[in-house]
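For reference, the structure is listed below as structure tokens.
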Amino acid sequence: QVQLVESGGGLVQPGGSLRLSCAASASTLDYYAIGWFRQAPGKEREGVSCINSSDGSTIYADSVKGRFTISRDNAKNTVYLQMNSLKPEDTAVYYCAASGSTYFRSSAYALAPRLYDYWGQGTQVTVSS
């Protein structure tokens with residue numbers, strides 16, 4: 001059973017930074033692609049970024065390219081999302097999720113919530129002055 005636990009959310013001013021962590025159960029990163037998603041009130045859940053299991057390649061939504069960086073530490077079974085230059089529109093609950101696919105070639109699949117099998121409980125990120 002795959003378990004995922006997010007942490008690192010909080011309140012930050014526009015232009016600030018946060019680093020989210022997704023702690024996964026043992027060996028998850030060896031077999032599952034990990035994605036970060038977010039959901040703002042009244043909006044659908046949207047994909048933010050993904051890191052492939054097979055080669056560590058990464059995919060980003062256009063809205064966060066150049067500002068967010070996804071990375072992983074296999075020894076710690078943890079995936080990170082470094083978020084810089086945060087904007088009020090980044091405010092949402094952020095979730096990490098694991099997909100049984102080890103490799104996504106395109107963002108259309110990598111950032112599709114329906115293709116992920118296991119989800120964490122989420123962490124709130126609020127960007128406000």
Cluster check Val64, Val12: I/L/V/M/F/W/Y, side chain < 4.5 angstrom: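 Looking at the clustering, Val12 is in the same group as Val64.
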Transitive ILVMFWY side-chain link Tyr80 to Ile51, under 4.5 Å: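 Cluster IDs for Tyr80 and Ile51 differ.
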Short N-O contact, Asp62 and Lys65, less than 4.0 angstrom: yes
Heavy-atom side-chain proximity of [X] to [Y] below 4.5 angstrom:
{"X": "Thr58", "Y": "Arg72", "result": "no"}
{"X": "Ser7", "Y": "Thr123", "result": "no"}
{"X": "Tyr118", "Y": "Gln1", "result": "yes"}
{"X": "Tyr32", "Y": "Ser99", "result": "no"}
{"X": "Met83", "Y": "Arg67", "result": "no"}
{"X": "Val79", "Y": "Trp36", "result": "yes"}
{"X": "Pro14", "Y": "Pro88", "result": "yes"}
{"X": "Gln121", "Y": "Val5", "result": "yes"}

Minimal non-hydrogen separation, [X] against [Y], with atom names:
{"X": "Asp30", "Y": "Asn74", "result": "OD1-ND2, 3.4 Å"}
{"X": "Val125", "Y": "Gly9", "result": "CG2-CA, 4.1 Å"}
{"X": "Leu29", "Y": "Asp73", "result": "CD1-O, 4.0 Å"}
{"X": "Ala98", "Y": "Val2", "result": "CB-CG1, 4.2 Å"}
{"X": "Leu81", "Y": "Ser49", "result": "CD1-CB, 4.2 Å"}
{"X": "Lys43", "Y": "Gln39", "result": "O-NE2, 3.1 Å"}

Which atom pairs, one a donor and one an acceptor, fall under 3.5 Å between side chains of residues 16-25 and the rest of the protein, sequence neighbours left out?
residue, atom, partner, partner atom, Å
Ser17, OG, Asn84, OD1, 2.9
Ser25, OG, Gln3, N, 3.0
Ser25, OG, Thr28, OG1, 3.2

Parallel, tilted or perpendicular, as decided by the 30° and 60° cut-offs, for the rings of Tyr94 and Phe68: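 Correct class here is tilted.
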Distance under 6.0 Å and angle within 45° of ring axis: Arg45 vs Tyr95: yes
Working for side-chain contact (heavy atoms from CB on, under 4.5 Å), residues Arg38 and Ser63: CA-CA 12 Å; Arg38 65 187 182 186; Ser63 58; 3.6 Å; yes
Side-chain H-bond candidate by donor/acceptor type, Asn52 with Ser54, under 3.5 Å: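 There is no such pair between these side chains.
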Glu89 atom CD, over 12 foreign heavy atoms within 6.0 Å: yes
Flag if over 12 foreign heavy atoms under 6.0 Å of OH, Tyr103: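 Yes.
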Test ring-ring contact (aromatic ring centres under 6.0 Å, His included) applied to Phe37 and Tyr116, step by step: CA-CA 10 Å; Phe37 296 81; Tyr116 286 75; 4.8 Å; yes
Could you give the side-chain donor-acceptor pairs of residues 107-115 under 3.5 Å, partners two or more places apart or in another chain?
none

CD-SG distance between Glu6 and Cys96, expressed to the nearest 0.5 angstrom: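 These two atoms lie 4.0 Å from each other.
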Check: Thr126 main-chain N/O paired with Thr91 side-chain donor or acceptor under 3.5 Å: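 No; judged by distance alone, with no hydrogens or angles, the pair does not exist.
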Partner residues of Asn77 under the side-chain hydrogen bond (donor to acceptor under 3.5 Å, both in side chains) criterion, sequence neighbours left out: none
